[in-house]
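Every chain is numbered from 1 and lettered A, B, ... according to where its sequence line falls, protein lines coming before strand lines.
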Protein chains: 2
Amino acid sequence: MNTSLDIKQAFDRERQFAEKRRAVIQSASSAFRRRGYHNTSMVEIAKTLGLTKAALYYYVKNKEEILYESHIMTYDAMDAVLKTWRSRNKMNETVNKTPSELSGSELTGLNHLEGVFRDFVLLLTQSGVSLLTDVDSLGGEWKANVLKRRQIIEKHVLRIVKDGQKDGSIRTGDARLHVFFFMGALNWLNAWYEADGRLTGAVISEHFIAQLSRGIQV
Amino acid sequence: MNTSLDIKQAFDRERQFAEKRRAVIQSASSAFRRRGYHNTSMVEIAKTLGLTKAALYYYVKNKEEILYESHIMTYDAMDAVLKTWRSRNKMNETVNKTPSELSGSELTGLNHLEGVFRDFVLLLTQSGVSLLTDVDSLGGEWKANVLKRRQIIEKHVLRIVKDGQKDGSIRTGDARLHVFFFMGALNWLNAWYEADGRLTGAVISEHFIAQLSRGIQV
DNA sequence: AATTTATTTGACTCAAGGTTCAAATTTATA
DNA sequence: TATAAATTTGAACCTTGAGTCAAATAAATT
């Protein structure tokens with residue numbers, strides 16, 4: 001007989017399954033970041049979770065799927081950051097305004113970018129989230145999807161930069177090159193940052209924002 | 001009977017061998033940059049050179065050796081850049097001087113850095129040289145060596161930045177973070193740059209230097 | 001306690017791709 | 001042209017690690 005308890009239990013099952021699956025992906029993702037996708041075997045991934053290789057396949061179809069989900073997880077987190085700042089900045093999103101036209105509550109493009117960039121750095125240093133580079137290990141469909149997600153994020157960041165150029169807070173010049181420059185810092189961060197090091201995410205983000213800001217402001 | 005001709009011929013043999021070996025490594029290096037080390041098979045490497053897989057082993061011990069030499073080749077080129085600028089700047093290398101003490105012919109730390117950075121960008125865009133990230137696919141000895149070479153370069157760049165801070169051309173702050181930031185741009189460049197694209201190395205380097213410069217100058 | 005369902009495992013298969021090697025081919029030398 | 005040395009190849013071998021599956025264990029349900 002079905003009771004509401006059954007449903008709750010079933011739901012709990014699903015939740016636990018989802019949590020474990022997420023744990024698999026996050027743990028693997030971290031290993032991928034440190035050692036690289038191909039230098040991380042399924043056995044290793046399993047062992048760090050106290051499981052055996054075969055058990056992983058209960059949560060995941062493929063090793064490739066783990067890589068794919070790792071990417072998606074990161075891009076979801078980055079999208080969330082962008083979304084937060086976009087809503088915090090709703091007013092001057094659609095209309096292009098010169099600095100003098102900006103009311104006090106609105107952000108300049110530069111400030112907007114600084115906020116986003118700070119949150120990106122904090123994301124990569126303080127959450128388990130990491131920006132993986134191994135896109136070419138994904139096959140057709142999956143690779144295309146990941147690249148699409150990346151492009152969307154770059155588009156949004158590019159939008160912010162261009163808005164900043166419009167409102168006069170960011171100096172002119174090829175906006176894509178602006179973006180490439182500081183996104184490089186973000187990607188490189190993944191390579192050298194170690195969570196246990198002396199540098200905290202806060203310190204890094206402040207320093208990076210100083211460079212970013214001076215580098216592109218008018 | 002031995003003649004001077006024999007010697008010349010033998011020398012030519014060696015030279016041709018060295019050239020072909022270099023071609024193998026450069027071609028492979030380029031593929032590694034685009035598709036990644038593990039996504040590039042020996043067969044593919046051979047095929048792009050019009051050879052068969054087995055022939056590669058006449059020029060090279062391992063696939064791993066190819067990766068190693070790729071790294072070394074890049075670091076050699078970067079060292080050469082650093083060396084050029086160091087000799088061009090011999091005067092204020094040992095002594096720390098304030099800006100007012102610099103004679104006209106000497107470079108500020110900032111100018112020195114700009115020059116080096118420009119040449120790095122040109123190197124990565126115009127020569128076949130590429131900054132590979134796949135260090136973890138190298139075993140023990142080799143990996144250690146590559147990391148040592150990378151550290152030496154970072155040390156030199158760090159030195160330039162610190163000199164710039166001393167002579168007042170570069171603003172204070174954690175010099176390592178300065179370096180991490182703009183070296184990120186360099187590494188990321190490898191991921192997105194395509195030689196056939198609309199952006200030339202010259203354009204990129206000018207733009208990047210503008211950001212670098214404004215980002216770190218006092 | 002018995003039974004069903006979810007989770008984990010050990011032992012295996014299988015393919016991919018790096019590596020080897022004796023033989024073939026090409027190139028240089030006498 | 002005959003011989004030797006350098007270069008390339010085809011056909012194997014071998015290792016690694018991903019993926020499978022029936023059976024075992026654990027957890028929940030009756």
**Request:** Just jot down the side chain to side chain donor-acceptor pair (under 3.5 Å) partners of A:Arg214, sequence neighbours excluded, or say none.
**Result:**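 Here no residue qualifies.
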
| message | Please give me every residue in residues 135-147 of chain A whose heavy atoms get under 4.0 Å of an atom in DNA chain D, ordered by residue number. | response |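 Per residue number, the list is empty: none.
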
Of residues 22-29 of chain A, the positions that come close to DNA chain D - non-hydrogen atoms, cut-off under 4.0 Å: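 Contacting residues: none.
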
key: Partner set under side-chain contact (heavy atoms from CB on, under 4.5 Å) for B:Thr200, not counting sequence neighbours   =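 With neighbours one apart ignored, the set is B:Ala202, B:Val203.
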
Distance-only donor-acceptor hits, side chain of residues 172-186 of chain A, under 3.5 Å, sequence neighbours excluded:
residue: A:Asp174; atom: OD1; partner: A:Arg176; partner atom: N; Å: 2.9
residue: A:Asp174; atom: OD1; partner: A:Leu177; partner atom: N; Å: 3.3
residue: A:Asp174; atom: OD2; partner: A:Arg176; partner atom: NH2; Å: 3.4
residue: A:His178; atom: ND1; partner: B:His207; partner atom: NE2; Å: 3.3
residue: A:His178; atom: ND1; partner: B:Gln211; partner atom: NE2; Å: 3.0
residue: A:His178; atom: NE2; partner: A:Arg171; partner atom: O; Å: 3.3

* For B:His71, check ring-ring contact (aromatic ring centres under 6.0 Å, His included) against everything at least two apart and list the hits. =>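 Once residues adjacent in sequence are excluded, B:His71 has no partner under the ring-ring contact (aromatic ring centres under 6.0 Å, His included) criterion.
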
With B:His38, which residues qualify under ring-ring contact (aromatic ring centres under 6.0 Å, His included), at least two apart?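 Only A:His38 meet the ring-ring contact (aromatic ring centres under 6.0 Å, His included) criterion with B:His38.
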
Scoring nucleotides 16-21 of chain C by protein non-hydrogen atoms under 4.0 Å (B base, S sugar-phosphate only, - none) yields --BBBB

Pairs of donor and acceptor atoms involving the side chains of residues 59-68 of chain B, under 3.5 Å and at least two apart or interchain, shall be tabulated with distances.
residue: B:Lys63; atom: NZ; partner: B:Tyr37; partner atom: O; Å: 3.1
residue: B:Lys63; atom: NZ; partner: B:Thr40; partner atom: O; Å: 2.8
residue: B:Glu64; atom: OE2; partner: B:Gly139; partner atom: N; Å: 2.6
residue: B:Glu65; atom: OE1; partner: B:Arg21; partner atom: NH1; Å: 3.3
residue: B:Glu65; atom: OE1; partner: B:Lys61; partner atom: N; Å: 3.0

Next item on the list: Only pairs at least two apart or in different chains count here, so list each salt bridge (charged side-chain N to carboxylate O under 4.0 Å, His left out) that has a residue in residues 74-83 of chain B.
Entry: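 Listed by first then second residue: B:Asp76-B:Arg149, B:Asp79-B:Arg149.
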
Salt bridge (charged side-chain N to carboxylate O under 4.0 Å, His left out): which pairs involve residues 119-139 of chain B, sequence neighbours left out?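 Residue pairs passing salt bridge (charged side-chain N to carboxylate O under 4.0 Å, His left out), neighbours aside: B:Asp136-B:Lys143.
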
_For A:Gln165 and A:Lys162: C-alpha separation, side-chain torsions, deciding distance, then whether side-chain contact (heavy atoms from CB on, under 4.5 Å) applies._
CA-CA 5 Å; A:Gln165 291 179 320; A:Lys162 283 181 174 168; 4.1 Å; yes

Item checked: Whole-Å distance separating the CG atom of A:Leu51 from the C1' atom of C:dA6 ->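 That distance rounds to 14 Å.
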
B:Glu19: which residues meet the salt bridge (charged side-chain N to carboxylate O under 4.0 Å, His left out) condition with it, sequence neighbours left out?
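Counting only residues at least two positions away or on another chain, B:Glu19 forms a salt bridge (charged side-chain N to carboxylate O under 4.0 Å, His left out) with B:Arg15.
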
